[in-house]
Protein chains: 2
Amino acid sequence: MRMKSTQHYQVRAEIAKAIAHPSRLLILDVLRNRSLCVGELTQLVGADQSTVSKHLTILKKVGLVTCHKRGLTMTYRLECSCLTRFFDCLESVLVSNLKKQESGVRG
Amino acid sequence: MRMKSTQHYQVRAEIAKAIAHPSRLLILDVLRNRSLCVGELTQLVGADQSTVSKHLTILKKVGLVTCHKRGLTMTYRLECSCLTRFFDCLESVLVSNLKKQESGVRG
DNA sequence: GTCATGTATGGCTATATTACCATATTGCCA
DNA sequence: TGGCAATATGGTAATATAGCCATACATGAC
């Protein structure tokens with residue numbers, strides 16, 4: 001197997017990092033249902049509007065969401081349907097951890 | 001849709017955070033092929049042995065890898081096959097970004 | 001034009017993360 | 001037992017991240 005470059009992993013880690021935050025995870029999750037504007041997302045996240053705006057900027061930067069303006073409101077849209085696989089993976093890890101706990105394996 | 005708790009996203013973000021680092025992404029990637037010991041992983045990552053050890057601790061903590069000792073060496077093993085879906089998702093985002101770039105969409 | 005609303009940005013502080021070095025721990029072997 | 005090899009842990013400094021407040025920017029209404 002040929003070694004992948006540092007760049008290779010840096011680019012992918014950048015995307016993963018964008019996902020890896022509770023508020024951003026929430027945002028991505030709710031956007032799976034339907035597109036929402038900043039105000040609605042701010043309500044759902046329960047943080048300062050500026051904070052949510054910054055989270056959205058991070059998600060947009062790596063291409064996970066896109067946005068378009070309609071009048072005053074900026075609507076954010078989930079750009080990658082594959083995200084379901086990401087969430088599935090997280091669930092799978094949690095389930096696996098639970099199973100291990102149940103069967104008495106530690107650490 | 002009922003709102004998921006803050007806890008819900010925190011737990012999942014914890015796992016995502018563990019994945020979201022270039023070195024740890026590399027580690028997870030190579031472990032998909034076969035289990036490796038700390039020394040081998042240290043070589044591949046190209047960082048200090050203690051640094052790699054700490055990365056492995058982080059991965060172990062969230063249940064992405066397990067380890068077992070055989071003599072002096074500690075062998076790390078990928079615990080969740082679902083990780084492929086995670087990697088697929090990252091690729092998918094990158095491909096999607098490239099397509100957008102090509103079609104002249106900016107920002 | 002002014003005003004109000006929705007969103008983004010700058011500035012700042014608090015906290016988290018990362019990496020390295022030094023050192024402790026563990027287990028094998030002479 | 002002493003010494004060596006593989007790995008883990010503690011400490012510390014540099015950097016990154018996250019949150020809030022204040023404020024700038026953009027758009028539509030008047």
Side-chain angles (χ1 to χ4, degrees), chain A residues 6-7 9-28 30-31 34-78 106-107, chain B residues 6-7 9-28 30-31 34-62 64-77 106-107:
Chain A
T6 301
Q7 255 282 315
Y9 292 108
Q10 266 172 2
V11 170
R12 282 148 186 83
E14 217 45 47
I15 300 173
K17 261 196 284 188
I19 303 174
H21 184 283
S23 299
R24 294 197 290 269
L25 218 44
L26 184 156
I27 290 170
L28 292 170
V30 296
L31 288 184
R34 65 182 191 86
S35 299
L36 293 166
C37 70
V38 178
E40 293 170 314
L41 289 167
T42 298
Q43 281 265 322
L44 290 168
V45 170
D48 195 88
Q49 176 271 317
S50 67
T51 299
V52 173
S53 184
K54 280 177 184 171
H55 282 312
L56 289 167
T57 301
I58 290 169
L59 293 174
K60 193 170 62 170
K61 200 170 171 184
V62 299
L64 286 165
V65 302
T66 52
C67 59
H68 68 272
K69 212 164 195 172
R70 183 198 291 253
L72 280 174
T73 72
M74 184 72 89
T75 301
Y76 281 81
R77 180 182 180 282
L78 189 60
R106 273 147 243 250
Chain B
T6 301
Q7 256 281 315
Y9 291 109
Q10 266 172 2
V11 170
R12 282 147 186 85
E14 218 44 49
I15 300 172
K17 262 197 283 188
I19 303 175
H21 184 283
S23 300
R24 294 198 291 268
L25 219 43
L26 184 155
I27 291 170
L28 292 170
V30 297
L31 289 183
R34 65 184 191 85
S35 299
L36 293 166
C37 71
V38 178
E40 294 170 311
L41 289 168
T42 298
Q43 281 266 321
L44 290 168
V45 170
D48 196 87
Q49 177 270 319
S50 67
T51 300
V52 173
S53 184
K54 280 177 183 171
H55 281 310
L56 289 166
T57 302
I58 290 168
L59 292 173
K60 194 171 60 169
K61 200 169 172 186
V62 298
L64 286 165
V65 302
T66 52
C67 58
H68 67 272
K69 214 163 193 174
R70 183 198 292 255
L72 280 175
T73 73
M74 186 71 90
T75 301
Y76 281 81
R77 179 180 181 285
R106 274 146 240 249

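Being a predicted model, the structure only gives us computed values, none of them experimental. So you know, we letter chains A, B, ... as the sequences are listed, proteins then strands, and number each from 1. Heavy atoms only: backbone and side chains are in, while hydrogens, waters and symmetry mates are out.
- The nearest whole Å value for the distance from the NZ atom in Lys61(A) to the P atom in dA18(D) is 12 Å.
- Between Leu72(A) atom CG and dT7(C) atom C1' there is a gap of 9 Å when expressed in whole angstrom units.
- Heavy-atom nearest nucleotides on DNA chain D were determined for Ala20(A) and for Ser50(A), and the one closer to the 5' end corresponds to Ala20(A).
- The separation between Leu26(A) atom CG and dA18(D) atom C1' is 16 Å, rounded to whole Å.
- Contact annotation for Lys54(A): base contact, defined as any heavy-atom pair under 4.0 Å involving a base atom.
- Each of Asp48(B) and Gly46(A) was matched to the nucleotide of DNA chain D holding its nearest heavy atom; the match closer to the 5' end belongs to Asp48(B).
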Stepwise side chain to side chain contact (heavy atoms under 4.5 Å, CB included) test for Leu44(A) and Leu36(A): CA-CA 10 Å; Leu44(A) 290 168; Leu36(A) 293 166; 3.8 Å; yes

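- Environment of CD in Gln10(A): crowded, with over 12 heavy atoms of neighbouring residues, nucleotides or ligands closer than 6.0 Å.
- Taking 4.5 Å as the limit, every side-chain heavy atom of Arg77(A) sits out of range of all side-chain heavy atoms of Leu31(A).
- Regarding Lys17(B), its NZ atom lies at a distance of 12 Å from the P atom of dT17(D), rounded to whole Å.
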Begin from the C-alpha positions of His68(B) and Met74(B) and carry the test side chain to side chain contact (heavy atoms under 4.5 Å, CB included) through to its verdict. CA-CA 6 Å; His68(B) 67 272; Met74(B) 186 71 90; 5.7 Å; no

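- Comparing dT18(C), dG19(D), dC21(D) by their closest approach to the side chain of His55(A) singles out dG19(D).
- Nearest-nucleotide positions on DNA chain C place Tyr76(A) closer to the 5' end than the other of His21(B) and Tyr76(A).
- Put simply, CD on Gln10(A) is 13 Å from C1' on dT18(C), counting in whole angstrom units.
- Straight-line distance from the CG atom of Leu36(A) to the C1' atom of dT7(C): 15 Å, rounded to whole Å.
- Residue Arg24(A) places its side chain closer to dA18(D) than to any other of dA22(D), dT9(D), dA18(D).
- Considering CD of Glu14(A) and CD1 of Ile19(A), their distance stands at 11.5 Å, rounded to 0.5 Å.
- Nucleic acid contact class of Thr73(A) (heavy atoms, under 4.0 Å, all strands): sugar-phosphate only.
- Regarding Glu14(A), its CD atom lies at a distance of 11 Å from the C1' atom of dA16(D), rounded to whole Å.
- The base of dA6(D) has none of its N or O atoms less than 3.5 Å from a complementary donor or acceptor on the side chain of Gln49(B).
- Across all strands shown, Arg70(A) has no heavy atoms under 4.0 Å from either base or sugar-phosphate atoms.
- Listed pair Ser53(B) / dA8(D) meets the phosphate criterion, a side-chain N or O lying under 4.0 Å from OP1 or OP2.
- Thr42(B) comes within 4.0 angstrom of nothing in the nucleic acid, heavy atoms only.
- For Gln43(A) and dG6(C), the CD to C1' distance is 13 Å, given to the nearest whole Å.
- Between Thr51(A) and dC20(D) there is a side-chain N or O to OP1 or OP2 distance below 4.0 Å.
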